[in-house]
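Just below is one structure, and these are the notes that go with it.
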Amino acid sequence: MGPLTEAARGALAARMADVVGRAHVVSEPSELLVYECDGLTHGRTRPALVVLPGSTAEVAEVVKAARAAGAPIVPRGAGTGLSGGARPVPGCVVVSLARMTRILGVDLENGTVRVEPGVINLDVTRAVAGAGWYYAPDPSSQGVCTIGGNVAENSGGAHCLKYGFTTNHVLAARLVLDDGLVLDVGGTAADAPGYDLLAPLVGSEGMLGIVTEVTLRLLRKPETTRTFLAIFPSSDEAGDAVSQIIAAGILPAAIEMMDSLAIQAAKAATGLDWPEDCALLLMDADGPAPEVEHVHRRASEIARACGARAVQVPRDEAERQLMWKGRKSAFAAVGRISPNYLVEDGVIPRSEIASVLREIGRLAAEAGLRVANVFHAGDGNLHPLVLYDARNPGEEERAAHLGGDILRLCIRVGGSITGEHGVGAEKAAYMAEQFTPEDLDTMMKVRCAFDGGALFNPGKVFPTPRLCGEKPGPYEPHPVERAGLAERW
Amino acid sequence: MPDRRPIDDCVHCGFCLPVCPTYFSWASEMDSPRGRVDLARALADGQVALSPTTVAHLDRCLGCLACQPACPSGVRYGLIIEEARARVEDSNVRPAGDRLFRAFLFSLFPYPARLRAVAAFLWLYRVTGLQWLVRESGLLRLLSARLAALEALAPPVTWHHLTASLPARVPAEGTRRARVGLLGGCVQRVFFPGVNEATLRVLAAEGIEVVVPPGQGCCGALSAHAGRPAEAARLARDLLERFEGLELDAVVTNAAGCGSHLKDLGSHFPGDPALAARARAFSAKVRDVSELLAAMPPVAPRGAQACRVAYHSACHLGHAQGITRQPRELLQGIPGLTLVELARGEECCGSAGIYNLVEPEAAEEIGRRKADAVVAAAAPILAAANPGCALHIQRMLRERGAAVQAAHPIELLDASLRAARPRGG
Amino acid sequence: MSAPRPGSGADGILGVEPRLVFEPAGEAEAREAMQACARDRLRVAFVGGGTDLGLGNPPSGLDAVIRTGRMARVLEHAPHDQIVRVEAGITLSALQAALLPHRQRLALDPPFPARATAGGLLCANGFGPLRTARGSARDLVIGATFIRADGVLAHGGGKVVKNVAGFDLPRLLFGSLGTLGLVTSVNFRLHPLPEEEATLAFPGLSPAAVRGLVGDMRQAQLEPAAVAAIWAGGSLDLLVRFEGFGPGVSGQVERLLAVAGKARASGGRLAPPQAAAAWARQQTAREVGPFRARLAIPPASLEVGTRALGTLLAALPGGAAVWYPTLGLGFAGGAPSGAEAVATAAGDARGALATSGGWLAVNDAPPEVRARLDAWGPAPATLALQRRLKAQLDPEGRLAPGRFVGGI
């Protein structure tokens with residue numbers, strides 16, 4: 001697909017305006033520039049058009065029109081993603097689902113809610129909190145990010161160690177395919193016969209189609225939640241405490257860790273009175289009261305035994321919320337202590353936390369850069385934030401290298417290059433280091449089943465995309481000696 | 001190394017999106033804070049030219065600053081939008097009609113005397129029945145949505161509005177605990193004279209002596225927010241000089257927009273360090289009336305006021321000054337009063353300075369949302385600490401046929417204090 | 001590579017006998033077997049413990065079977081990370097035995113644990129009442145290795161519990177019945193064995209009372225680990241198990257008794273031997289045959305589900321059934337009074353479930369019943385997409401042909 005000519009772009013804009021209304025088509029260059037990136041700001045790329053459909057039927061028509069014009073489609077939710085998943089590709093139509101914000105139905109008897117993709121994650125919980133329910137996956141951007149984006153990225157969050165990721169909470173989805181066909185996948189009754197199409201769909205980073213409705217599983221609010229903040233001399237002791245707590249058979253609702261630099265940033269953003277030269281663990285235990293009290297006590301004891309200088313318990317819900325706000329705003333708050341930064345999202349086996357952090361420290365020193373660490377310690381999901389100042393010549397490149405080295409380190413210890421932010425545009429190059437060409441080819445085949453023409457979000461996730469039906473030479477089975485086999489038969 | 005500009009602080013995280021009223025309305029990123037920062041950056045870097053489209057998106061910003069407290073990176077959005085607006089005003093991009101309308105507004109609002117003349121006209125307009133005729137006929141809307149907005153906003157002016165004046169000094173009752181200067185405001189003084197009077201009574205009852213420097217004009221907030229820095233600086237300087245040398249513990253305002261502007265006066269005199277220093281000293285003393293009262297233990301007895309009151313958090317109080325707790329505490333201190341919160345309570349009402357006059361359609365859409373929330377709260381009284389909000393929400397409620405009365409929190413407190421006195425006096 | 005042996009009747013899948021049987025002893029041999037099948041375009045199906053071979057349709061044709069029984073090693077167990085990597089043919093019992101010294105388990109409790117294999121748990125969706133708290137194999141799988149029809153070895157997921165790199169291939173294999181590839185190894189998330197557990201039984205409840213009590217339990221914010229309602233001639237015997245630390249378990253037991261008392265459901269805590277017997281009873285209820293079916297409905301429509309159990313059991317004299325009220329899933333099995341009768345009953349039950357958004361699938365059935373009853377029911381609206389998926393990964397349609405939904 002080549003880029004559209006200006007005339008074709010105009011014609012497509014007019015066609016889109018017929019579908020969604022003129023007010024919901026963005027086509028002026030000075031307006032398109034605000035859609036050049038998502039939460040990741042490098043590699044800005046201007047789309048040909050931005051279209052904001054308001055219904056499934058409109059999405060289907062938009063898809064058909066874009067396909068007919070030969071323009072790829074980049075779906076977009078709130079544009080908070082940190083891997084460039086919603087970054088436009090040249091000549092594309094960005095389909096923003098931001099207008100589809102209705103909560104279509106709440107069914108507490110079955111513990112489900114049906115929403116449009118533009119509904120903000122936290123608004124799902126707000127809609128059912130009064131009745132004592134909530135939606136479990138809680139990415140740090142949950143006050144902003146949308147369910148459609150969560151489905152695309154298989155978003156996690158602090159509390160997914162105990163409660164699982166988006167994929168564990170999506171029961172059904174309405175999907176618009178590349179030919180505009182609308183399909184319902186999954187259902188409120190479990191395990192419907194047939195392939196689990198939700199499995200590849202959730203986490204497909206917008207490459208299989210556009211989801212226009214999602215049925216989510218809701219959870220009953222736990223009876224009690226207890227939180228503590230443990231202050232350790234360094235990440236070594238804190239990492240050890242995480243391992244020991246889990247080894248004691250405790251499954252915390254969340255267990256988060258911040259190092260000294262991350263603490264500085266969080267303090268700058270929230271005015272929290274946290275000590276600095278230390279590592280912090282923030283742990284939630286939730287569930288029935290007697291169980292929670294027991295777990296809370298045991299975990300606090302373990303933290304102290306592992307060398308915690310202090311274990312603080314919030315006085316009330318407001319203080320607890322503030323502690324969490326400190327944790328959840330830490331990413332963006334790093335902007336307060338550094339002009340620029342890169343966010344990485346590696347995963348490592350939990351038992352490797354202390355050693356990997358030491359190695360990250362060594363790599364950072366070598367590169368002459370600072371790295372702030374704030375992460376979901378319970379599941380080993382690191383968020384190293386590589387700090388740099390783009391005004392210093394060469395520093396941005398050094399930061400990018402360091403980020404890459406950190407990801408390679410994660411792969412080396414048996415982990416992953418992304419735990420929740422997705423591969424997107426940014427980490428596609430590292431996929432080939434985590435997966436074999438055969439693995440990637442298999443994933444590509446799944447893509448081809450859904451979107452044979454690579455209409456949706458082309459160029460993301462896969463390091464070397466190829467066309468569907470193209471025969472990849474090196475992936476043929478090794479020839480087996482026919483004669484030898486025949487003999488054995 | 002080039003200096004870091006406020007626009008460089010934005011990391012594009014999007015945390016500002018859900019709190020932005022215009023993004024909530026239209027879901028387009030051009031009408032979101034981070035989108036406008038992108039636009040402002042592109043303008044500053046010369047990547048795009050000022051065009052009617054870019055100006056439209058900048059104009060559509062309410063300037064409510066809800067994005068500031070929501071921003072983890074601490075982006076000073078207020079500075080960015082004011083600078084971008086100044087760029088617009090310095091250019092010739094606006095059509096002549098638009099320029100004229102804006103010039104007309106700014107020849108009116110900052111001047112209490114001129115506003116009083118308008119009030120006199122409005123009084124005649126109402127009592128002669130002309131208003132009924134104009135509203136019924138829809139005549140103005142045919143001519144211009146903006147003129148219709150201006151007309152619809154006009155509050156029911158009474159004889160009191162035309163005759164009210166403020167005393168130069170009100171002594172403290174009982175032991176004097178503080179001496180403050182009162183900022184009369186422009187819109188406040190003319191259209192809500194009761195608010196200033198209530199403020200004086202409450203402060204006096206709480207043992208605070210109040211002086212009201214004569215000859216006060218506008219503080220310049222409206223001009224500054226609309227990208228007219230020179231005019232704003234001139235007005236601010238005039239005001240500053242009225243208060244200097246008065247030996248005050250604080251300068252008190254009951255108008256949120258004025259308060260937020262006056263607390264940050266130092267940044268408005270970039271070319272005059274001496275004046276900037278004086279402005280900073282002045283800013284350090286500025287307090288919203290609720291802030292002042294909440295910082296002192298109450299001494300005046302409160303009388304019961306059995307009513308449900310919905311609280312509207314004015315943007316320039318809540319978002320710009322971070323004053324959210326104090327007015328609520330004052331209201332909750334009134335025995336018998338039930339305070340109810342509005343859905344999306346921290347959202348702007350659409351008034352936003354002159355916004356409802358220059359962007360009437362958007363202001364109406366946002367205002368209708370607020371009116372819906374007020375009606376849903378089922379409270380007969382709406383407390384709002386800013387005259388612009390009160391005017392706009394009252395108008396939206398009027399059009400909805402809802403019988404909700406708007407009052408400044410200080411008026412409710414005043415009523416409570418008066419109820420506690422032997423003869424209600 | 002070890003040579004394939006000729007197939008026999010015992011290697012057949014629903015009466016379809018393969019010519020050849022491969023029994024690879026590891027991934028390399030499995031791959032050679034798959035490559036041999038690819039080269040010779042052999043139609044091939046995979047057999048683990050054989051506990052769910054009755055699921056779905058008989059293969060439309062079969063040249064070879066690959067048995068995974070000799071691929072039964074624990075490849076890696078990282079107790080601190082609570083993950084395990086196992087070969088596909090390891091049985092659940094063997095795996096649990098290997099984990100026991102570390103006081104860990106794979107939180108799945110399907111029937112036939114001594115035969116059910118890791119690969120089968122994933123591909124045939126093996127689960128039991130513990131799914132209430134811990135989910136199914138879909139929720140516990142974190143990685144998988146499989147061999148495609150073309151003999152290519154592919155991995156998905158990894159060894160860490162949190163991982164969104166690439167498309168989710170392991171979960172795509174969930175319930176795919178060997179039609180997408182031969183799973184050679186599976187990585188699972190593990191859970192610690194609970195310090196304490198307690199089972200309560202509430203016998204003789206009506207379906208409405210079961211639904212009510214389960215709702216009350218949820219309302220009271222209790223968090224049971226396992227819930228099952230065993231069919232007892234029209235009424236249901238409800239079993240509830242709590243797991244965790246001592247104080248939590250005893251606290252929840254008391255609370256549930258109070259909640260049940262209010263709902264006038266009589267019952268109490270069972271002593272460990274009785275508890276074990278009760279849970280064994282629900283498992284046995286899923287093991288009786290030769291006819292077996294699984295049923296699903298949105299959980300709140302419990303009575304629709306249990307009525308469907310009743311419909312089936314009327315044609316399965318002396319049969320057994322269990323309903324999982326928190327999951328909206330149930331099983332019924334027994335000896336048909338007649339092929340026509342049970343096929344009609346299953347059709348009726350299927351129709352009733354479908355009107356409430358549910359379904360019925362045949363887990364096992366004698367040939368004469370199969371002749372009268374489709375194993376999967378009406379084709380889903382997504383069938384075309386499912387066929388495309390199959391065609392991408394198995395373009396020649398050689399893997400377990402015809403076994404799956406819509407003849408896939």
Side-chain angles (χ1 to χ4, degrees), chain A residues 109-110 153-154 156 164 167-168 183-185 187-197 199-200 203-204 220 222-223 243 247 249 287-288 290-291 294-295 347 349-351 379-381 414-420 422-423 431 434-435 438-439 442-443 445-446 448-449 475 477 480 485 488, chain C residues 3 35-36 38-39 78 80-81 125 135 139 148 150-155 158-169 171-172 174-176 192 195 218 221-223 244-245 247-248 251-252 296-300 327-329 357-359 361 376 380-382 385-386 388-389 392-393 405:
Chain A
E109 286 288 299
N110 282 307
E153 300 299 312
N154 188 13
T167 190
N168 306 103
L183 273 187
D184 284 328
V185 177
T188 314
D191 304 341
Y195 293 126
D196 192 333
L197 297 171
S204 60
R220 183 87 171 96
E223 186 188 9
S243 287
E291 180 88 359
H294 176 83
V295 163
V347 189
R350 185 166 48 217
S351 53
D379 38 33
N381 187 189
S416 171
I417 56 171
T418 174
E420 55 186 8
V423 177
M431 283 290 278
Q434 181 169 341
F435 293 104
E438 292 83 356
D439 301 343
T442 307
M443 292 176 196
K445 284 178 182 295
V446 173
C448 292
Y475 309 145
V480 181
L485 275 175
R488 273 180 249 147
Chain C
Q35 284 169 351
R39 191 197 53 223
H80 279 102
D81 299 319
N125 179 17
D139 300 295
R148 297 190 325 212
D150 58 4
V152 166
L153 186 81
H155 314 79
K159 294 196 294 180
V160 284
V161 296
K162 196 173 185 184
N163 184 0
V164 297
F167 294 169
D168 198 336
L169 299 177
R171 286 192 176 88
L172 176 61
F174 175 71
S176 63
E195 204 175 82
R218 197 166 61 181
Q221 294 163 306
L222 295 174
E223 296 180 0
F245 295 100
Q252 294 202 78
I297 197 87
L327 309 175
L329 291 163
W359 51 265
W376 297 110
T382 55
L385 179 56
Q386 299 201 36
R388 290 208 294 277
L389 195 56
Q392 282 290 332
L393 290 167
V405 174

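All figures in this text were calculated on a predicted structure; none of them were measured in a lab.
The part of C:V405 that comes within reach of chain A is its side chain, from C-beta onward, which places non-hydrogen atoms under 4.5 angstrom from that chain. Contacts of C:I297 with chain A are made by backbone atoms alone, with heavy-atom separations under 4.5 Å and no side-chain atom involved. Contact of C:P298 with chain A is made through backbone and side chain together, with heavy-atom distances under 4.5 Å. The parts of C:L172 that come within reach of chain A are both its backbone and its side chain, each placing non-hydrogen atoms under 4.5 angstrom from that chain.
When the ring pair (Phe, Tyr, Trp, His ring centres under 6.0 Å) test is applied to C:H155, no partner is found at least two apart in sequence or on another chain. Evaluation of the salt bridge (Lys or Arg N to Asp or Glu O under 4.0 Å) rule for A:D196 yields C:R138 as partners, not counting sequence neighbours.
If you check the side chains of A:D191 and C:N125, you find a donor sitting under 3.5 Å from an acceptor.
The choice from C:A381, C:G166, C:G158 that makes the most heavy-atom pairs within less than 4.5 Å of chain A is C:G166. If you tally non-hydrogen atom pairs under 4.5 Å between each of A:N154, A:T188, A:V423, A:T418 and chain C, the highest count goes to A:T418. Counting heavy-atom pairs closer than 4.5 Å to chain A, the top-ranked of the candidates C:A165, C:A296, C:A154 is C:A165.
Put simply, the side chain of C:E223 does not reach to within 4.5 Å of the side chain of A:E291, judged on heavy atoms.
Here the closest heavy-atom approach between residue A:G419 and residue C:V164 is recorded as O-CG1, 3.6 Å. Closest of all the heavy-atom pairs between C:D168 and A:A199 is CB-O, 3.4 Å.
Here C:L169 contributes atom CG and A:K445 contributes atom NZ; the two are 12.0 Å apart, rounded to the nearest 0.5 Å.
Side chain of C:Q386 to backbone of A:Y195: a donor-acceptor contact under 3.5 angstrom is found.
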